[in-house]
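Numbering starts at 1 and runs along the sequence shown.
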Amino acid sequence: MNHLPLIIKREYFTKVKNKSFIIMTFLSPMIMIGLVAVVAYLTQLNNNSERSISILDESGQMASVFESTKNTKYVIFNQLSLDEAKTLTQVQENYGLLYIGKFDNLNSSQNVIKFYSEESPSISVIRGLESKLEKQLTDLKLESQGVDIEKIKTSKIDVAITQESFTGEKTSKVDSIVKLIFGGAAGYLLFMFIIIYGNMIMRSVIEEKTSRIIEIIISSVKPMQLMLGKIIGTSLAGVTQFVIWLILGGILITIISAIFGIDLMQAAPSGQLLSQAGNETAMPDLVQSGFQAFYNLPLTNLVLAFLMFFIGGYLLYSSLYAAIGAAVDNETDTQQFLFPILMPLILAVYIGFFTVIEDPHGTISTIFSFIPLTSPVVMLMRIPFGVPIWQQILSLLILIGTFMFTVWFAAKIYRVGILMYGKKPSYKEILKWMKY
């Protein structure tokens, strides 16, 4: 009799009715969104804070480049000594004092430029001041050499290379960024899913083994069915939890943004860099290009490939986690067996982020997208950049074949190890179990 559906049902409802599972399902997104909201709020306060910077320009050639902005106010000091400027800056409680001394040679001008402050200044503030000074000093040097600055400015041409395939398909830098986001998110999501729910499967096997319940269950259920039932049941519970996280997270983000007026995009590095660069006016064009790039993606291929490689990769690693759980008596003993399993998974993430991004169709990216222990992550990162269908099918077939083989030998370990107690197994003993 096939007991697999009963085992799947039992594992699923045992997980979703567990109090800790329910608490973490609803508490985790609240904690994560709360932390992101706090970071975004603090970043927003930092970006909105006003700074007053004193400028003492003894050269008489640099003060004109410092124009006050929304968040930064420049106070120009005239006919004051350096000591008087320092004292006045402290009295007015300004952020700091930028001192520009007299210089005869533009090449040595940087030696007479100093910034005085009560505490260590922000790196972004110093970089902003340096940028203004460098531009002004460069213009002054060009003028001293008889170069017309206005002609240089009017002759400057911005180039944006239009990208197009030989079949006529047009792309852009935004398309590459969108592909990178989709590929990176898919690969990293699979990585985290395997880590979180693979450990859940392993702990479930260890708990039943140590409680001796497994001795009763194994008398009427085949080890293969019991292991597959645990994997599938726990996987369904994980999918349920993940879907709830997405829905609850979306609701919380909407509520926080609407009620408290916090822009959660400020917590992202890209949002901070864009704000610091003063490119807020380019946001509408960027968003429009992003939506266009999204529609240019092979969405049907992405969705189908994501589902197939996600399921195949997760089942492959889950069977290994279940075998480890059956081989040991407690979680402490799992460390020696987990490391060899996690290494190819971590390697796949590194290859994805450091190789696929740079060259998605290179030799290294292509080879590792066919190796079953790395292909789920690497191939998911490659597909948005356009991978031939035959490569996807071949990689998937290799993955499925490896999963079937893994389930077979994992079931042999599971069959013997699930009834072994009181002894820490070695790799040599596990090989013996596989020969029974």
Side-chain angles (χ1 to χ4, degrees), residues 24-25 28-29 31-33 35-36 39 174-201 234-235 238-250 253 264-265 267-272 290 293-294 297-299 301-318 320-321 338-339 341-362 364-387 392 395-396 399:
M24 293 308 299
T25 298
S28 294
I31 294 173
M32 290 301 299
I33 300 299
L35 290 174
V36 173
V39 173
V174 177
D175 288 72
S176 299
I177 294 173
V178 171
K179 291 175 182 178
L180 172 62
I181 292 173
F182 268 78
Y188 189 72
L189 180 62
L190 175 57
F191 173 77
M192 293 304 299
F193 203 88
I194 290 173
I195 295 292
I196 295 172
Y197 296 104
N199 276 286
M200 186 182 292
I201 292 172
T234 305
S235 303
V239 171
T240 303
Q241 188 177 54
F242 186 74
V243 170
I244 294 174
W245 282 351
L246 288 179
I247 297 173
L248 191 57
I253 290 174
L264 296 182
M265 287 300 294
S270 58
Q272 296 178 28
F294 174 77
L297 289 173
L299 295 177
N301 185 14
L302 282 175
V303 172
L304 292 176
F306 175 79
L307 291 175
M308 298 302 294
F309 279 98
F310 193 92
I311 294 172
Y314 175 71
L315 292 178
L316 173 63
Y317 278 94
S318 294
L320 296 175
Y321 271 98
L338 280 178
F339 185 73
I341 293 176
L342 292 177
M343 278 302 297
L345 193 60
I346 296 172
L347 178 63
V349 174
Y350 273 95
I351 290 173
F353 281 105
F354 294 102
T355 304
V356 174
I357 291 172
E358 180 66 25
D359 188 6
H361 305 295
I364 296 177
S365 302
T366 303
I367 290 175
F368 279 91
S369 64
F370 288 107
I371 299 175
L373 291 175
T374 59
S375 63
V377 174
V378 177
M379 184 60 82
L380 285 179
M381 291 186 176
R382 283 188 63 207
I383 288 175
F385 294 93
V387 178
Q392 299 181 37
S395 177
L396 187 61
L399 179 62

Item to check | From CD1 (Ile201) to OH (Tyr321), nearest 0.5 Å | outcome: 9.5 Å
Next on the checklist: Let's go through Phe309 and Leu190 carefully: what are the C-alpha distance in whole Å and the side-chain angles of both, what is the deciding distance for side-chain contact (heavy atoms from CB on, under 4.5 Å) to 0.1 Å, and is it a yes or a no?
Outcome noted: CA-CA 9 Å; Phe309 279 98; Leu190 175 57; 5.8 Å; no
Item to check | Leu315/Phe310 under side-chain contact (heavy atoms from CB on, under 4.5 Å): CA gap, chis, key distance, verdict | outcome: CA-CA 9 Å; Leu315 292 178; Phe310 193 92; over 6 Å; no
Checklist entry - Just how far is it from atom CZ of Phe242 to atom CH2 of Trp245, taken to the nearest 0.5 Å? => result 8.0 Å
Next on the checklist: Is the shortest side-chain heavy-atom distance between Leu345 and Leu373 below 4.5 Å?
Outcome noted: no
Checklist entry - Does a sphere of radius 6.0 Å around CD1 in Ile364 hold more than 12 heavy atoms from other residues, nucleotides or ligands, not counting ones at 6.0 Å or beyond? => result no
Checklist entry - How far apart are the C-alpha atoms of Ser365 and Arg382, what are their side-chain angles, what is the distance that settles it, and do they pass the side-chain hydrogen bond (donor to acceptor under 3.5 Å, both in side chains) test? => result CA-CA 8 Å; Ser365 302; Arg382 283 188 63 207; 5.6 Å; no
Checklist entry - What heavy-atom pair brings Thr366 and His361 nearest, and what distance separates the two atoms? => result OG1-O, 3.7 Å
Checklist entry - Counting only heavy atoms not in Met308, do more than 12 fall under 6.0 Å of its CE? => result no
Item to check | Atom pair OG1 (Thr374) and CE (Met379), whose distance is rounded to the nearest 0.5 Å | outcome: 9.5 Å
Checklist entry - Is the centre of the Tyr197 ring less than 6.0 Å from the centre of the Tyr314 ring? => result no
Checklist entry - Which heavy-atom pair separates Ile383 from Ala305 by the least distance, and what is that distance? => result CD1-CB, 3.3 Å
Next on the checklist: Working note: Ile195 + Leu342, criterion side-chain contact (heavy atoms from CB on, under 4.5 Å); need CA distance, chi angles, decisive distance, verdict.
Outcome noted: CA-CA 9 Å; Ile195 295 292; Leu342 292 177; 3.3 Å; yes
Next on the checklist: Pair Leu189, Phe306 - check side-chain contact (heavy atoms from CB on, under 4.5 Å), show working.
Outcome noted: CA-CA 11 Å; Leu189 180 62; Phe306 175 79; 3.8 Å; yes
Item to check | Side chains of Met343 and Leu347 in contact at under 4.5 Å (non-hydrogen atoms) | outcome: no
Checklist entry - What's the spacing between Thr234 OG1 and Asn199 CG if we round to 0.5 Å? => result 11.5 Å
Checklist entry - Where do Pro29 and Gly249 come nearest, in terms of heavy atoms and distance? => result CB-N, 4.5 Å
Next on the checklist: Let me confirm one number: the CD1-OG distance from Ile244 to Ser28, rounded to the nearest 0.5 Å.
Outcome noted: 11.0 Å
Item to check | Distance, nearest 0.5 Å, that separates CG of Leu316 from CD1 of Ile341 | outcome: 9.5 Å
Item to check | Side chain to side chain, Met381 and Phe353, heavy atoms closer than 4.5 Å | outcome: yes
Next on the checklist: Give me the atom names and distance for the closest heavy-atom approach of Leu302 to Pro384.
Outcome noted: CD2-CG, 3.7 Å
Next on the checklist: Can you tell me which residue among Thr355, Val356, Val377, Ile351 is in a side chain to side chain contact (heavy atoms under 4.5 Å, CB included) with Phe368?
Outcome noted: Ile351
Next on the checklist: Counting C-beta onward and ignoring hydrogens, is there a side-chain heavy-atom pair between Phe370 and Ser375 closer than 4.5 Å?
Outcome noted: no
